[in-house]
Amino acid sequence: MTAQPVDEKLVHPVDEKLPALKMATSGLQHVAAMYAGVVAPPLIVGAAIGLSASDLTFLTGACLFTAGLATFLQTLGIWKIGARLPFVNGVTFAGVAPMTAIVASTKDKSDALPVIFGAVIVAGLLGFLFAPLFCKAIRFFPPVVTGSVITLIGVSLLPVAFGWAQGPNPAAHDYGSATNLTLAGITLALVLLLRRFTRGFVKQIAVLIGLVAGTVVAIPFGATDFSPVADAQVVGFPTPFHFGGPQFQLAAILSMCVVMVVCMTESTADMLALGEIVERPADEKTIAAGLRADTLGSALSPLFNGFMCSAFAQNIGLVAMTRIRSRYVVAAGGGFLVLMGLCPTAASLIAVVPRPVLGGAGVVLFGSVAASGIQTLVRAGLDKDNNVLIVAVSLAAGIIPITAPEFYHAFPETARIVLDSGISTGCVVAVLLNLLFNHIGRGRDAEDVTHPMEAGTDLAEAAHPAAAH
């Protein structure tokens, strides 16, 4: 009679397998919470390249597919790969600005994606090799560094939202029209009202609901185009290297390696926080395995036309809120992502959303990323003069490409790929200044540096549901 309770106690909630229906619905909730964050990067990069609606649908589906594979790798794991925690992986926001910088510096836009894919492959493989060492070097990336970078990610992406709000084509007669800006404003208002007056699941998917409602509102204005859905196939597969074989350019590789360092830093913080939430603290071995999953997933993603993958902090909040700690639930969510990636019709739905509607939601999405960075900086000890200087100079360096796009016009194009990315530049400056002020010399004030094990929970809690690191 007592055997059953004993057996139940032996199964940690993280390893618990729930009934099929509960596992499916809970997995879908994780997908809903992260969906907008997964599809936004391919939309931004695809628009910068000028991809057709069909290619944009393909790229979006590929990113959903690879996010599912990366989530499998993280939750189920193989060998010493995967944290085996309820940890969702998807396309990281941190790579968006560097990727658009690569696009801008590529003369033939058809080469842009192959160059990006080549850079992601190299960065992923290098990250995989250095994952065990990175766990020991994490002290060089305290909240004062990571908070500066997260803030720059949001600030760098906000101009994209403003451009979307004005319309899809700057050359069109209605670009920036009152109608387009009104649609953006309505969508923004809907998202804000949902976040303010709803709870639980509805609150978690407020951005997704706002996109759907904004699209419906746009129909009478003739701003909604359903042709991408009509032209899309019901079943498809992300053909390997659909956009061409990977190309390897040093400047692009360096840029994406910086992004990989940022992603590994954020993932480490997220694993520390998630370990506490699910009552299975993440030790160095777990973190190393989780980073291997992040980096290997990123290295394999370009094979199927996907981008760099990293942890999604919003799903950590969902685990904390629902108290459903099973990693198999998140794995079920990964299965849904794979299925969506294999169904071009599902992926094409995002292409239906009018650009002004995306702009309205993007203000919340990208602005919240910047706000989460500020929250992290608040916890970074800005009462210390050294940290204030680090933040001030790194933010200034990162904002240069936004406020003065031609600032580096006299530099070689290879250098501009890195310099024109405010995130990459700001990250490098923040790391170097942190070393100078907080690590080098006898005058180092230990109180200025927050220990990473103490900072991890704060860092992950600061990350907004829309951020993808």
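Side-chain atoms are counted along with the backbone in the values below, which use heavy atoms only and exclude waters and symmetry mates. Residue numbers start at 1 and run along the sequence shown.
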From CA spacing to verdict: side chain to side chain contact (heavy atoms under 4.5 Å, CB included), Val103, Ile116: CA-CA 8 Å; Val103 172; Ile116 290 172; 4.1 Å; yes

Side chain to side chain contact (heavy atoms under 4.5 Å, CB included) evaluation trace for Thr295 with Met264: CA-CA 8 Å; Thr295 53; Met264 293 172 75; 4.1 Å; yes

Step-by-step side chain to side chain contact (heavy atoms under 4.5 Å, CB included) determination, Ser267 to Leu291: CA-CA 7 Å; Ser267 290; Leu291 292 179; 4.1 Å; yes

Derivation of the side chain to side chain contact (heavy atoms under 4.5 Å, CB included) call for Met99 and Met256: CA-CA 8 Å; Met99 287 191 292; Met256 296 313 294; 4.2 Å; yes

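Between the OG1 atom of Thr425 and the CD1 atom of Ile399 there is a distance of 12.0 Å, given to the nearest 0.5 Å. Rounded to the nearest 0.5 Å, atoms CG (Asn438) and CD1 (Ile390) are 4.5 Å apart. Leu300 contributes atom CG, which lies 9.5 Å from atom CZ of Phe128 (distance to the nearest 0.5 angstrom). Note: Arg280 CZ to His12 NE2 = 5.0 Å, rounded to the nearest 0.5 Å. Interatomic distance, Asp383 CG to Asp385 CG, rounded to the nearest 0.5 Å: 9.0 Å. To the nearest 0.5 angstrom, Met260 atom CE is 9.0 Å from Leu126 atom CG.
Contact of the Val115 side chain with the Gln247 side chain is registered, since non-hydrogen atoms from C-beta on lie closer than 4.5 Å. For the pair Asp55 and Leu59, the minimum side-chain heavy-atom distance is 4.5 Å or more. Side-chain contact between Leu433 and Leu389: absent, with no pair of heavy atoms (C-beta onward) separated by less than 4.5 Å. Residues Ile209 and Leu190 fail the side-chain proximity criterion, which asks for heavy atoms closer than 4.5 Å. Residues Val261 and Phe134 have side chains in contact (heavy-atom distance under 4.5 Å, counting atoms from C-beta outward). Using a 4.5 Å heavy-atom cutoff, the side chains of His242 and Leu113 are not in contact. Using a 4.5 Å cut-off on side-chain heavy atoms (C-beta onward), Phe65 and Asn305 make no contact.
The two residues Trp79 and Arg84 make their nearest non-hydrogen contact at O-NH2, 3.3 Å. Contact between Ser310 and Thr92 at its shortest, heavy atoms only, is CB-CB, 3.8 Å. A pairwise comparison of heavy atoms in Ser394 and Leu152 identifies O-CD1, 3.8 Å as the closest pair. For the pair Val14 and Pro86, the tightest heavy-atom approach, listed with the atom from each and the gap, is CG1-CD, 4.2 Å. Residue Ser148 comes nearest to Leu377 through the heavy atom pair N-CD2, 3.6 Å, listed as atom of the first residue, atom of the second, then distance. In terms of heavy-atom proximity, Met340 sits nearest to Leu64 at CB-CD1, 4.2 Å.
Aromatic rings from Phe117 and Phe241 are positioned such that their centres are separated by 6.0 Å or more.
The closest donor-acceptor contact from the side chain of Asn434 to the backbone of Val145 lies at 3.5 Å or more, if one exists at all. Listed for the Asn180 side chain is a donor-acceptor partner under 3.5 Å among the backbone atoms of Gln166. Checking side-chain atoms of Thr71 against main-chain N and O of Asn89 turns up a donor-acceptor pair under 3.5 Å. The backbone N or O of Ala131 sits nowhere less than 3.5 Å from a side-chain atom of Arg292 that would complete a donor-acceptor pair. Judged by distance alone, the side chain of Gln74 and the main-chain N or O of Gly290 form a donor-acceptor pair under 3.5 Å. Although no hydrogens or angles enter the test, the distance criterion places a donor-acceptor pair under 3.5 Å between the side chain of Ser301 and the main chain of Phe307.
Environment of CZ in Phe248: crowded, with over 12 heavy atoms of neighbouring residues, nucleotides or ligands closer than 6.0 Å. The environment of NZ in Lys285 is sparse: at most 12 heavy-atom neighbours from other residues, nucleotides or ligands sit within 6.0 Å.
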